[in-house]
Number of protein chains: 2
Amino acid sequence: MERRTRQRSALEELLGRNTGFRSAQQLHTMLRDEGEPVSLATVYRLLQSMAGDGEVDVLRSQESENRYRRCHRQEHHHHLVCRHCGHTVEVAETTVERWAARTARQHGFAAVTHTLELLGTCTACYTTPATATRSGNE
Amino acid sequence: MERRTRQRSALEELLGRNTGFRSAQQLHTMLRDEGEPVSLATVYRLLQSMAGDGEVDVLRSQESENRYRRCHRQEHHHHLVCRHCGHTVEVAETTVERWAARTARQHGFAAVTHTLELLGTCTACYTTPATATRSGNE
DNA sequence: TTCCCTGCAAAGCTTTTGCAGTGGG
DNA sequence: CCCACTGCAAAAGCTTTGCAGGGAA
């Protein structure tokens with residue numbers, strides 16, 4: 001199965017310390033800065049593999065890049081993401097699910113899935129605007 | 001302001017005849033096939049301009065490409081898209097909006113926006129599987 | 001006559017892939 | 001001892017951009 005390599009361990013460890021969504025390139029740079037260099041291609045391969053196993057959540061950002069984040073719950077859920085610092089709250093709710101199912105039925109659609117992301121400004125960022133562009137954890 | 005060129009007219013006319021989301025490349029091909037060739041770069045520039053004016057809706061597809069569709073209502077709304085034929089239903093509802101606002105408040109987030117897309121199989125496509133891969137209108 | 005718009009080709013971005021070498025089990 | 005995994009570099013999409021010519025107003 002999956003081999004426990006230095007690269008995979010380093011990436012998992014890094015993801016474990018972050019609560020926000022990061023791009024593959026950001027993760028690649030962070031690893032390099034921490035003295036645990038991993039080639040960009042490998043970062044992509046690892047993230048792809050992890051996403052397949054449900055280890056990370058993938059977010060299609062407004063820009064044309066994907067962002068990844070350690071997945072903390074297996075059940076279906078959504079994300080409330082801070083647009084400034086990337087801090088994320090996982091939201092498990094059935095309101096939207098029920099609405100989606102009802103709407104689909106009304107229009108005769110079957111096998112309906114949905115994607116939903118909430119983007120806003122978290123308390124920390126609108127309380128202390130100066131730190132709004134920080135790129136660290138949380 | 002905006003000049004009424006052959007290219008812009010052709011694209012608007014084409015979008016007006018379609019109810020589904022199409023990629024820039026698809027639109028480019030369709031125009032070419034109709035004998036109204038428009039360069040791909042221009043298709044992109046026109047779509048970008050139209051999206052800015054709210055003339056078209058932009059959908060970030062699962063693949064790494066954007067898809068465009070003529071926008072029929074100005075108010076905030078969501079889309080129920082058929083994954084086979086691209087047929088789209090615009091859904092204006094407040095259930096999700098109210099839920100999003102409530103959730104954001106609970107977690108101390110401000111200025112929250114959301115993206116929501118419903119993807120399924122429309123009646124026509126699961127009734128007649130043979131036509132499930134058609135690429136035409138509707 | 002302007003100067004906005006277009007076409008072409010080249011470049012930019014993120015992401016994927018081919019290939020040969022290496023380290024995990 | 002294998003062969004999955006890695007790094008490198010090239011390639012593959014989609015999209016944007018520089019530039020010079022052409023057409024709308």
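Numbers restart at 1 for each chain; the letters A, B, ... are given by sequence-line order, proteins then strands.
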Salt bridge or not between Glu13(A) and Arg8(A)? Use side-chain N to carboxylate O under 4.0 Å.
no
Inspect the contact between Arg22(A) and Glu65(A) and indicate whether a charged nitrogen and a carboxylate oxygen are less than 4.0 angstrom apart.
no
Do Leu31(B) and Leu11(B) come within less than 4.5 Å of each other through their side chains, counting heavy atoms only?
yes
Provide, to the nearest angstrom, the distance between the CD atom belonging to Gln7(A) and the P atom belonging to dA4(D).
17 Å
Within the pair Gln48(A) and dT16(C), is there a side-chain N or O less than 4.0 Å away from OP1 or OP2?
yes
Main-chain N/O of Arg45(B) paired to Gln48(B) side chain as donor or acceptor, under 3.5 Å:
no
Taking only side-chain nitrogens and oxygens of Ser39(A), does any of them come within less than 4.0 Å of OP1 or OP2 of dT6(D)?
no
Hey, is the side chain of Asn66(B) poking within less than 4.0 Å of OP1 or OP2 on dC14(D), counting only N and O atoms?
no
Round to the nearest Å and state the distance from Arg32(A) atom CZ to dC8(D) atom P.
8 Å
Separation of dT17(C) atom C1' from Leu40(A) atom CG, nearest Å, is 13 Å
Strictly under 3.5 Å: I want the nitrogen or oxygen pairs between protein and nucleotides 21-25 of chain D, one per line.
{"unit_1": "dG23(D)", "atom_1": "N2", "unit_2": "Arg3(B)", "atom_2": "NH1", "d": "2.6"}
{"unit_1": "dA25(D)", "atom_1": "OP1", "unit_2": "Arg4(B)", "atom_2": "N", "d": "3.4"}

Using 4.0 Å as the upper bound for N to carboxylate O, is an ion pair formed by Glu55(A) and Arg70(A)?
no
Where is the tightest heavy-atom contact between Val56(B) and Leu47(B), given as atom of each residue plus distance?
CG2-O, 4.0 Å
Parallel under 30°, tilted from 30 to 60°, perpendicular over 60°: which one fits the rings of His78(B) and Trp99(A)?
perpendicular
Separation of Arg45(B) atom CZ from dT17(D) atom C1', in whole Å?
8 Å
When you measure from the side chain of Thr123(A) to the backbone N and O of Gly108(B), does any donor-acceptor pair fall under 3.5 Å?
yes
Nucleotide dT15(D), atom C1' - distance to CD of Gln26(B) in whole Å
16 Å
Looking at the side chain of Ala41(B), which of dT17(C), dT6(C), dT17(D) is the nearest nucleotide?
dT17(D)
Bend angle of the helix from dT1(C)-dA25(D) to dG25(C)-dC1(D) from five-pair axes at both ends, rounded to 10°?
30°
Please report the distance, rounded to the nearest Å, between CG in Leu47(B) and C1' in dC5(C).
15 Å
Do the side chains of Leu46(B) and Gln7(B) get nearer than 4.5 Å, heavy atoms only?
yes
Check the distance between dT6(C)'s C1' and Arg8(B)'s CZ and give it to me in whole angstrom.
12 Å
With respect to the phosphate group of dT16(D), does any side-chain polar atom (N or O) of Tyr44(B) fall under 4.0 Å of OP1 or OP2?
no
Rounded to whole Å, please give me the gap between CD in Glu36(B) and C1' in dG7(C).
16 Å
Phosphate OP1/OP2 of dG13(D): any Gln25(B) side-chain N/O under 4.0 Å:
no
